[in-house]
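Fair warning: this is a prediction, and the values are worked out from it, not measured in the lab. Note: hydrogens, waters and symmetry copies are ignored here, and every other heavy atom, side chains too, is used.
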Amino acid sequence: MTSMPAPAGPGSAEASAVILDSRLTGVLGGRTASAFEKAFGMRTVADLLSHYPRRYAKRGELTALANLPLDENVTIIAEVIRVQERPMRARRGSILEVKITDGEGILTLTFFNQAWRSKELVPGVRGIFAGKVSAYRGALQLAHPDYELFQLDSENAVSPGSAAAKEWAQTPIPIYPATGTIASWQVQKAVGLALDALGAIADPVPDEVVVERGLMPYREALEGIHRPQKDAQWQRARDTLRYQEAFVLQAALLQQRAAARAVAATPREAVPGGLLERFDAALPFSLTGDQDAVGREIAQDLAGTAAMHRLVQGEVGSGKTLVALRAMLAVADSGGQSALLAPTEVLAAQHLRSIAAMLGPDLSAELMPTLLTGQLSAGERKRALLRTVSGQARIVVGTHALLGDAVTFFDLGLVVVDEQHRFGVEQREALRAKGGTPPHVLVLTATPIPRTVAMTVFGDLDVSTIAQLPAGRQGIESFVVPLADRPGWERRIWERASEEIGKGRQVFVVCPAISGKDAEDDGEEMEPDTPTAGEEGAPARPIASVEAVAAQVRADPLFAETRIGVLHGRLPSDAKDEVMRAFAAGALDLLIATTVIEVGVDVPNASAMVVLDADRFGVSQLHQLRGRVGRGGIPGLCLLVTAAEQGSLARERVEAVAATLDGFELANIDLELRREGNVLGSRQSGGRSSLRLLRVATDGELIAEARVAAEETLEGDPALSLHPALGAALARRLDESERAFLGKS
């Protein structure tokens, strides 16, 4: 157990010198501070004090032992009922077995060669026990757990049964997120030292907002959440700190929004009789109402002198690429170039083909849409670079290869980022920096975003939504194939696929891995929030892989005459493009693939999709995958195959997708199913997880109210000269990488 230094008294000189930005080394000592940095990434007092309790327990209450998760670190309160020492069979020494209970279930604590613990772990004593749950001979146990026992305060003569003892038993005990090296009570002691040493602190929320909302002062809220005497104390403190978190986050986003709008950009407007007008005149269909409305919003942005920062979200197949192409044509009308950054080579090639097809031969000849990826031959790459630097290519489509130092634009006016969650901040900024003056930025996503997430993650962007689908789209029927309940249905999956192929249609089969032997390394194909085996309800068994499934299908008599192709991220670029072209042209009947076919791939004759181990994918990813079928005049069929158990979170996710085709409804369901989801932080910015108490799934109203209050504060004091505590909180709240994420998204 990490030793703790003696606390500094609240009135001491040392205490008054400690501020939120003080290093933990000076408060906890170098050794303990290093342990906390290694375990939690904490460096300052503010980092430690924003590590809030996950729940509260009481000395008089016990933790239910029946539902403890296997192979996870737990912190529980229980009572010792039996202690037994026995010799080890295989070698010298003894094992001390301590049985603890919640009144119903029993858990065994196991200690090797530590018989002395029987003097303190006596029947009847209660305490907090922490360790990793394991199974031994069918029973749950904690091997060598840490623990802290409850003892009545003899110093103050608190006797059992007295009013003071009852109060002691009901005082909330904070239970902190802990690790295998630092237990909850060690966090509690460190927090106590920091609070004792901390001097006066200013509140980042303005006084008038604190009074208006009936919030606790900041210092009082920190005491209340970490050292409450009653439940009402930590509840009110948590409400105060949750609002403060929302207020600071919205202030940061609004500040970034204002900074972005202060950057001058070259106006880009379509001209009468120009490229955009000619393109619109040749369209064989009318724009949907949403496409038209979003197009007008983009045109207004492009015509301004401030750089556009707009996010366009839309259902799979709603026509976002068409909207983006019309923006590129407006930029081309002004003599500028556009760069479209796609996450994979397959998608970049698909974008180029669809853009060339939409433009037609005449406009394509003038605009010369050009592909620039890492897999081009030396000659092709040289030609693409020359077209780009000379300005001959008005539209350049590419992958990460666009970010290379050798790629130079003549006049970059617009950056379009497809599926932005696939790119890091620095990658997006590297492309933006290639403009002489800052280019306009248009971000596309086929992942519908709940309003609260849009407000929380993309609060510095203008958000446009395309919800309408073009006319003529057929519906998609989705079914869960629950192998845990119905293992006999597995054969029917392949019979159903064969029936579709027999009707002259085409079928996708999607697997979560490329090969069985290195399934865990195939995650490049997965989205950031993809669940993994070992998650509650996810089967701990070999997951379906492209290689294994392809071998199985090729050996199946049902597919003896079937033309089968495979597609995954490890194939060379030209091979991937060749397979996708063959499937799109109808030269292949069955395509076994990873999620490289997730977005952008358009095969109107594809009528069915089988997603194997569907519980391995996220809700939004399954919805996007499903959108690959039913794109022509043929109704779509999607079979979501899972071995997850009924009632598990993994199964819930799959069933939610099967229940609705509404991507925006699914986005909200996804948000709720993620529960503790990481919305703005490590996965997207490279920094530590950012949301502490705030939950975008449930705190939408609070976030909206905080945004209004933050807006009013910044309008009256944009430089925050009158609100230095808010300025300090913003600097503290956003580490360097997170600030970059907010500024460059």
Side-chain angles (χ1 to χ4, degrees), residues 250 252-280 287 289-314 319-341 367 391 394-396 409-418 420 425 428-429 431-445 449 454-455 457-466 707 710-711 714-715 718-719 740-745:
Q250 291 304 319
L253 289 161
L254 289 164
Q255 207 177 46
Q256 293 296 326
R257 183 189 179 101
R261 279 150 185 71
V263 174
T266 304
R268 306 286 182 174
E269 289 187 82
V271 298
L275 296 162
L276 178 57
E277 203 169 284
R278 286 165 55 197
F279 175 78
D280 285 346
L287 298 176
D290 283 355
Q291 286 173 332
D292 183 55
V294 172
R296 279 187 273 109
E297 289 172 345
I298 292 170
Q300 188 174 350
D301 288 349
L302 290 174
T305 54
M308 173 177 73
H309 288 78
R310 184 170 291 278
L311 171 74
V312 174
Q313 59 168 334
K320 296 179 297 299
T321 305
L322 174 62
V323 168
L325 179 56
R326 294 184 71 247
M328 295 180 199
L329 289 166
V331 171
D333 267 340
S334 72
Q337 295 168 286
S338 297
L340 193 162
L341 184 61
L367 292 160
R394 302 283 189 89
I395 297 174
V396 182
F409 289 84
F410 181 75
D411 179 17
L412 182 59
L414 173 66
V415 170
V416 180
V417 182
D418 185 33
Q420 63 80 34
V425 175
R428 294 194 291 275
E429 180 61 12
L431 185 53
R432 245 180 75 180
K434 290 180 181 289
T437 57
H440 299 277
V441 176
L442 184 63
V443 174
L444 309 178
T445 180
I449 301 165
M455 207 183 337
V457 181
F458 301 107
D460 58 332
L461 298 178
D462 295 308
V463 180
S464 297
T465 301
I466 304 177
R707 187 175 182 86
E711 235 166 350
L714 285 167
E715 277 175 15
F741 170 71
L742 290 173
K744 300 170 188 174
S745 291

With sequence neighbours excluded, residues passing side chain to side chain contact (heavy atoms under 4.5 Å, CB included) with [X]:
| X | answer |
| --- | --- |
| Leu714 | Ala251, Leu254, Leu720 |
| Gln300 | none |
| Thr266 | Arg268, Thr437 |

Where is the tightest heavy-atom contact between [X] and [Y], given as atom of each residue plus distance?
| X | Y | result |
| --- | --- | --- |
| Ala339 | Phe409 | CB-CZ, 3.8 Å |
| Glu269 | Ala303 | CG-CB, 3.5 Å |
| Ala307 | Pro439 | CB-O, 4.0 Å |
| Gln291 | Gly319 | NE2-CA, 3.3 Å |
| Ala264 | Pro438 | O-CD, 3.5 Å |

Atom CG of Asp462 and atom CE of Met308: how far apart are they, to the nearest 0.5 Å?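 If I round to the nearest 0.5 Å, the distance is 9.5 Å.
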Supply the atom-to-atom distance Leu442 CG to Ile298 CD1, rounded to the nearest 0.5 angstrom.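 If we round to the nearest 0.5 Å, Leu442:CG and Ile298:CD1 are 4.5 Å apart.
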Among all residues two or more places apart in sequence or in another chain, which pass the side chain to side chain donor-acceptor pair (under 3.5 Å) test with Gln313?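 Expected list: Thr465.
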Contacts of type side chain to side chain donor-acceptor pair (under 3.5 Å), residue Asp290, not counting sequence neighbours: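 In terms of side chain to side chain donor-acceptor pair (under 3.5 Å), with neighbours along the sequence ignored, Asp290 is linked to no residue.
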Please tabulate, one pair per line, all N/O donor-acceptor pairs under 3.5 Å involving side-chain atoms of residues 322-331, not counting sequence neighbours.
{"unit_1": "Arg326", "atom_1": "NE", "unit_2": "Asp280", "atom_2": "OD1", "d": "3.0"}
{"unit_1": "Arg326", "atom_1": "NH2", "unit_2": "Asp280", "atom_2": "OD2", "d": "2.9"}

A side-chain contact here means heavy atoms from C-beta on lying under 4.5 Å apart; do Val441 and Val443 qualify?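 Side chain of Val441 against side chain of Val443, heavy atoms only: contact under 4.5 Å found.
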Within the 4.5 Å heavy-atom criterion, are Thr445 and Leu311 side-chain neighbours or not?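 Of all side-chain heavy-atom pairs linking Leu311 with Thr445, at least one is under 4.5 Å.
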Please list, chain by chain and in numerical order, all residues satisfying salt bridge (Lys or Arg N to Asp or Glu O under 4.0 Å) with Glu711, sequence neighbours excluded.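 Glu711 satisfies salt bridge (Lys or Arg N to Asp or Glu O under 4.0 Å) with no other residue.
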Do side-chain atoms of Asp333 reach the backbone of Leu275 as a donor and acceptor pair under 3.5 angstrom?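 Answer holds: yes.
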